[in-house]
Amino acid sequence: MTHTSTSLKARATHANAKLNIVSTNKELREKREAEAKECVEDSLVRDAAVIDAAVPRDPDTAKFASKVADMVVKQLETIISTKDMSAESFIKWVGQDTQTESDKPKWQREPDMYPHISSFLQRVQEYISAAASSLSTETQPIQQARTLMTYEGADKNPTGSDDYTRIDFGIKLSELNSDSKHETLQQNENAIPIADAAGKVGVSTWPIVKEHMAPPPPPPLHRRHSPKTDSKKPDYKHILAIVEAKRFENDQTNAFEQLFIYNRNLYANQLNRRFTWGFTVCNSIVHACVFSHNNIFASPAMDVSEADGRRRFVNLLVNMAFCETDMLGYDPTIRIDPEQHCGEIDVYDDSSRQVHTYKYIATLLSSTSNFGRHTRCYLCEDPSIPGSSIVIKDAWAHGINSASALVEERFPGLNISEQLNEPSAMPVAFKEQPSSSNAPFAQRADDRDEIKYMREISQKLGDDPELKGKFPMLKHGGIVHIPGINTADNTATAFERLTSGETHHRVHRRIAMTPNCMPLQNIKSVDKLIVVVADVMIVHNAIAERCSILHRDISIYNIMYTSISDDIVRGVLVDFDCAKRTDVEEAALRPERTGTFPYMSINNLLASNVKRTQLDDWESLLYVLCWLGTTGINKDDEVTYEEAAKLAVAKWQGANAESVALAKRGNLSGPQVFESSILSEFLDESGYGILSDLAYSLYMSLFFNKSISVLAHGVANNTTRILKSYEDSNVVSVAEIDKHATVGTKGRVVDPFAVRAKPEFEKKIVKDLLEIIKKARTDALLRIKEYNSLL
C-alpha cells in the first residue's frame with residue numbers, strides 16, 4: 001500500500017483568505033476542482049479496511065453491536081424479500097436484487113435518489129434502536145447508541161460554507177427524542193413497536209451518548225456570498241459525514257472528487273474534529289471514506305442491491321452508532337458548547353506530565369484544508385488567572401512513525417491507558433525519542449519538534465530585553481492524549497485499522513502560549529508593517545544564530561504583532577512546526593517542500609538539494625512584502641479580485657511548485673525586470689513607495705550583492721557559456737569557478753543558490769540584510785513619531 005505525501009497544492013484555504021485575493025470565484029472553483037482531482041488520483045487508498053475502522057474498541061460493546069447488526073440485517077432482509085409496502089421507498093433503492101429488470105429504478109436526476117437513500121438510513125436507525133432495546137436485560141444494562149440521521153433538506157448549500165456549493169445531503173448526530181422537529185426521526189405508523197420496562201408499547205426513544213459536543217461556528221467571516229437562511233438546510237458545524245450521490249456507477253471517481261471539495265468545510269466549522277467520515281453512493285454502490293491528514297481511505301464497494309453489500313453497510317452504520325466518540329473523528333479533550341460559545345480545552349504538558357484545562361473564549365484560526373497540519377488556534381483563559389489571555393495552538397505536525405513500537409521500546413511493559421488516570425506518571429512525549437541518522441526515515445524520529453524548540457528559545461533568549469515579546473513563550477505543551485487509546489494521538493494510532501503506518505507520519509500536538517497576537521492583515525500603516533517585519537527578522541536571526549534553529553516558513557500567516565500602544569507595535573514570529581535544527585547532521589533524505597507557494601523560496605519550490613539557510617527565509621520575506629505591496633497590506637487598501645488577478649504575483653499561486661518557481665525566476669531575473677514586473681505594481685498609496693524601496697534593497701542584497709562573488713548573483717544557473725565569458729573577461733578566476741562548479745552532461749554549471757548557501761557567503765549576506773531592515777525600522781519609527789506629533 002502506497003501513501004503519498006501531502007500535496008502543497010492540495011491545501012485549499014478559505015475563499016476569503018488573503019492568499020485567494022488573486023482568484024476570482026470561478027478561478028477558486030477551478031483550483032479546488034484541480035486539487036480534488038490531484039488528491040483523488042494520488043492520495044486515495046482504495047479497498048481499505050474502513051468498515052472495520054468503526055468497530056468499538058471495547059470488546060463487550062463490539063459484541064453487543066454485532067448482535068444488533070445481525071438483528072437489523074435479518075429484519076431488513078425480511079422486509080425486502082416480502083416487498084413490504086411500508087418500506088416501498090427504501091426498497092426502491094436497495095431491493096434491486098428482488099426486482100425484475102423493468103421494475104429497477106432508472107434515476108432521471110440525482111435528487112430523485114435522495115429520499116430513498118434517506119429512507120433506508122432512517123429505517124436502519126429505527127431497527128438499531130429496537131434491536132438494542134430488545135437485547136437489553138436487567139443484568140445487561142441498555143447499551144447507549146447515538147442516532148445517525150439525515151438532514152431534512154437535501155441538495156443545499158450548508159450553513160458555514162464559504163461559497164455557493166451544494167452538498168447532496170449530510171448525516172448528523174441527533175437524539176431520537178429531541179424537541180426540535182428537525183432533530184427528530186419522523187415517527188409514523190410504520191415505526192417499530194417495542195415494549196418498555198413497564199410493558200407499554202410505543203415508538204423507541206433510544207438515547208444518544210453525549211460524549212460529543214459540536215463546536216460553535218468559527219468567528220464571522222466576510223463571505224463572498226450571503227445566501228438566504230433556510231431552517232431545513234444542513235449546517236457544516238453539525239455534520240458527521242457528507243454523502244455524495246451519483247446516478248451511475250461509472251461516476252465513482254467524480255463522486256470522490258466532489259466529496260473531497262465539500263469535506264474541507266467540516267474541518268473549517270468543527271473545532272474538535274480530528275478526522276472526518278464521508279460516503280459516496282453511485283446508484284447502488286456505496287463507499288465509506290475516512291479522510292486522514294495525508295490520505296483518503298475508501299472502503300471496498302458495498303452494493304446495497306445485494307444482500308452481502310447491505311449486510312456490510314448495516315454493520316458499519318451500527319458500529320458508528322456504538323463506537324467510541326474519537327473513532328468518529330471527534331476530540332473529547334476539546335469540549336465546547338455550541339450554544340453558549342464556551343467550553344474547555346485540555347493541554348497535556350510533557351514536562352510536568354500534567355493535564356492543564358483552559359477556558360475557551362474564541363477561535364482565532366480554523367483549519368481550512370483536508371490534508372496537512374490542520375492548525376487551529378483558540379483564545380483561552382487560565383482559570384487560575386482571571387482575565388488572562390492564553391493562545392492554544394492545535395496541530396498535526398510531522399512526527400515519528402510507529403509511535404506504539406517506540407513507546408514499547410522506551411517504556412517496556414508500560415500500560416499508557418492506566419497512566420491516563422494518573423497524569424503525573426505519564427511518560428515523556430515520544431518526540432523526545434533520540435533519532436539515528438542512519439535509520440530509514442519511516443523508522444526514525446523526525447527532529448522537528450515545536451514544543452522542544454520553543455522551550456530552548458525561551459531558555460536562551462528569554463532574558464534578552466531586545467527580543468522580549470517577539471517570539472511565543474510556552475506555558476504548557478505536549479502530545480494530545482485521547483482517553484481510551486493506549487498511546488499518544490497520532491496518525492498511526494488514529495488510523496491503525498486502516499494502515500500499518502503512513503509514510504508521512506503526524507503527531508497531534510497542543511501548545512498553550514503567550515502573547516495573544518494580531519494577524520499581519522490588521523496592521524494600520526506601512527511604517528508599522530516595516531517595524532513588525534523588522535522585529536520578526538531580527539528575532540529570526542537570533543534564533544538561528546544562538547539556538548541553531550531555522551524557522552523555514554516565513555509567510556503573512558506566521559508574522560504577527562502586538563500593540564503596546566497606539567503608536568508602538570511589536571512583531572512576533574510564530575509557528576515553528578516546520579523549523580529544523582541547523583547544527584545536526586541529516587541523513588540523505590528526499591528534499592522536501594515546506595510553506596505556502598507565494599512565499600516559498602525558489603530553492604524550496606524546486607525541492608533542491610541545496611541546503612536551506614537563513615537566505616531562504618529572507619527570500620520568503622521579500623515575497624511577503626511584494627505580495628502585500630501589490631495587493632494591499634490591509635482590508636482598507638486591498639485591491640479587488642479582478643485587479644489582483646492581473647498582477648504578476650498572481651502567478652505565484654500557480655498550479656504547481658515548478659510553475660511558481662518559473663514565474664518567480666522570471667520576475668527576479670534582473671533588477672530592471674524586478675522593477676518593471678513587480679515594484680511597478682505596488683499600490684500608489686501613502687507609504688507604499690517606501691515599502692517598494694525596502695523590497696528593492698533586500699532584493700539587491702539577496703541576489704546581486706556586490707560584496708560577494710559574481711558566481712553567487714542571480715536566480716538562474718551559470719552555464720558553461722556564461723562561465724567561459726567570465727574567464728575570458730577575467731571577472732572570475734578559473735580556480736574560483738572550479739571551486740563552485742559541478743560538471744554535468746552539458747559541461748560546467750554553477751548554481752548561485754548553492755554558492756550563496758555556503759557559510760562564508762550566507763553570513764555576509766545576512767549581515768547586510770539585517771543592516772537594511774534595522775535602518776528601515778529606525779526610519780519607520782521616526783516617521784510614526786513625527787506623524788503622531790502632528791495629531
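When atom types are taken as modelled, the side chain of R264 and the backbone of S367 share no donor-acceptor pair closer than 3.5 angstrom. Formation of a donor-acceptor pair under 3.5 Å by the D251 side chain with backbone atoms of K246 is not found in this model. Between the side chain of E344 and the main chain of R335, no donor-acceptor pair closer than 3.5 Å is present. Judged purely by atom type and a 3.5 angstrom limit, E638 has no side-chain atom pairing as donor or acceptor with the backbone of T631. Checking side-chain atoms of S369 against main-chain N and O of F371 turns up a donor-acceptor pair under 3.5 Å. N269 contributes a side-chain N or O that, together with a main-chain N or O of G160, makes up a donor-acceptor pair within less than 3.5 Å. N265 places a side-chain N or O within donor-acceptor distance of the main-chain N or O of Y262, the cut-off being under 3.5 Å.
Annotation: side-chain contact (heavy atoms from CB on, under 4.5 Å) contacts of R497 (sequence neighbours excluded): V55, R57, M327.
Nearest heavy atom pair, residue D326 against residue P332, reads CB-CD, 4.2 Å. Residues R506 and H293 come closest through the heavy atom pair CD-CB, 3.6 Å. Closest approach of A298 to V50, counting heavy atoms only: C-CG2, 3.8 Å. Scanning both residues, S389 and N516, for their nearest heavy atoms gives CB-CB, 4.3 Å. Across all non-hydrogen atoms, the minimal contact from V73 to R311 is CG2-CA, 4.0 Å. Nearest approach of A48 to P300, heavy atoms of both residues: O-CD, 3.3 Å.
Between the side chains of N294 and S292, no donor-acceptor pair of N or O atoms lies under 3.5 Å. S43 and N295 share no side-chain donor-acceptor pair at under 3.5 Å. Side-chain atoms of Y267 and N370 include no donor-acceptor pair closer than 3.5 Å.
Residues Q270 and Y330 have side chains in contact (heavy-atom distance under 4.5 Å, counting atoms from C-beta outward). Between I167 and I239 there is a side-chain heavy-atom pair separated by less than 4.5 Å. By the 4.5 Å heavy-atom criterion applied to side chains, T253 and E257 are counted as neighbours. Within the 4.5 Å cutoff, side-chain heavy atoms of Q125 are placed close to those of L148. Using a 4.5 Å cut-off on side-chain heavy atoms (C-beta onward), N263 and L266 make contact. Contact check for I336 versus N272: no side-chain heavy atoms found under the 4.5 Å cut-off. Counting heavy atoms from C-beta on, the side chains of R166 and N157 come closer than 4.5 Å. Side-chain contact between Q653 and W627: present, with at least one pair of heavy atoms (C-beta onward) separated by less than 4.5 Å.
Atom CG in L259 sits 8.0 Å away from atom OG1 in T276 (nearest 0.5 Å). A distance of 8.0 Å separates CD1 of I285 from CD of Q252, quoted to the nearest 0.5 Å. A distance of 8.5 Å separates CG of D577 from NE2 of H398, quoted to the nearest 0.5 Å. Distance check: C377 SG to L271 CG gives 11.5 Å after rounding to the nearest 0.5 Å. To the nearest 0.5 Å, the span separating CZ on R310 from CD1 on I80 amounts to 4.0 Å. With values rounded to the nearest 0.5 angstrom, R312 atom CZ is found 5.0 Å from I51 atom CD1.
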Trace of the side-chain contact (heavy atoms from CB on, under 4.5 Å) decision for Y127 with V314: CA-CA 10 Å; Y127 289 170; V314 167; over 6 Å; no
Output, in order, the C-alpha distance, side-chain angles, deciding distance and verdict of salt bridge (charged side-chain N to carboxylate O under 4.0 Å, His left out) for K92 and D112. CA-CA 11 Å; K92 186 175 183 181; D112 295 340; over 6 Å; no
Take E324 and I482 through the side-chain contact (heavy atoms from CB on, under 4.5 Å) test and state the conclusion after the steps. CA-CA 11 Å; E324 290 79 358; I482 303 296; over 6 Å; no
I would like to know whether L28 and D163 meet side-chain contact (heavy atoms from CB on, under 4.5 Å); could you show each step before the answer? CA-CA 10 Å; L28 184 61; D163 56 25; 5.8 Å; no
Going through the checks in order, is the side-chain contact (heavy atoms from CB on, under 4.5 Å) test met by Y557 and T375? CA-CA 11 Å; Y557 307 111; T375 302; over 6 Å; no
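Between Y378 and Y358, the distance separating the two ring centers is not shorter than 6.0 angstrom.
Each of H508, R274, R509 was compared with V480 under the side-chain contact (heavy atoms from CB on, under 4.5 Å) criterion, and only H508 meets it.
Ring orientation note: the planes of F313 and W93 are nearly perpendicular, at an angle over 60° on the 30°/60° scale. Ring planes of F120 and F90: perpendicular class, angle over 60° (limits at 30 and 60°).
A salt bridge between E35 and R32 is absent, with no side-chain N of the basic residue lying under 4.0 Å from a carboxylate O of the acidic one. Look at D331 and R510 and you find a salt bridge, because one of the NZ, NE, NH1 or NH2 atoms lies within 4.0 Å of a carboxylate O, short of that distance. Residues D235 and K172 are not paired through a salt bridge, judged by the lack of any N-O separation under 4.0 Å between the basic side chain and the carboxylate. R373 has a carboxylate O that lies under 4.0 Å from a charged side-chain N of D553, or vice versa, which qualifies the two as a salt bridge.
Annotation: cation-pi pair R146/F322 absent, no NZ/CZ under 6.0 Å from the ring centroid and within 45° of its normal.
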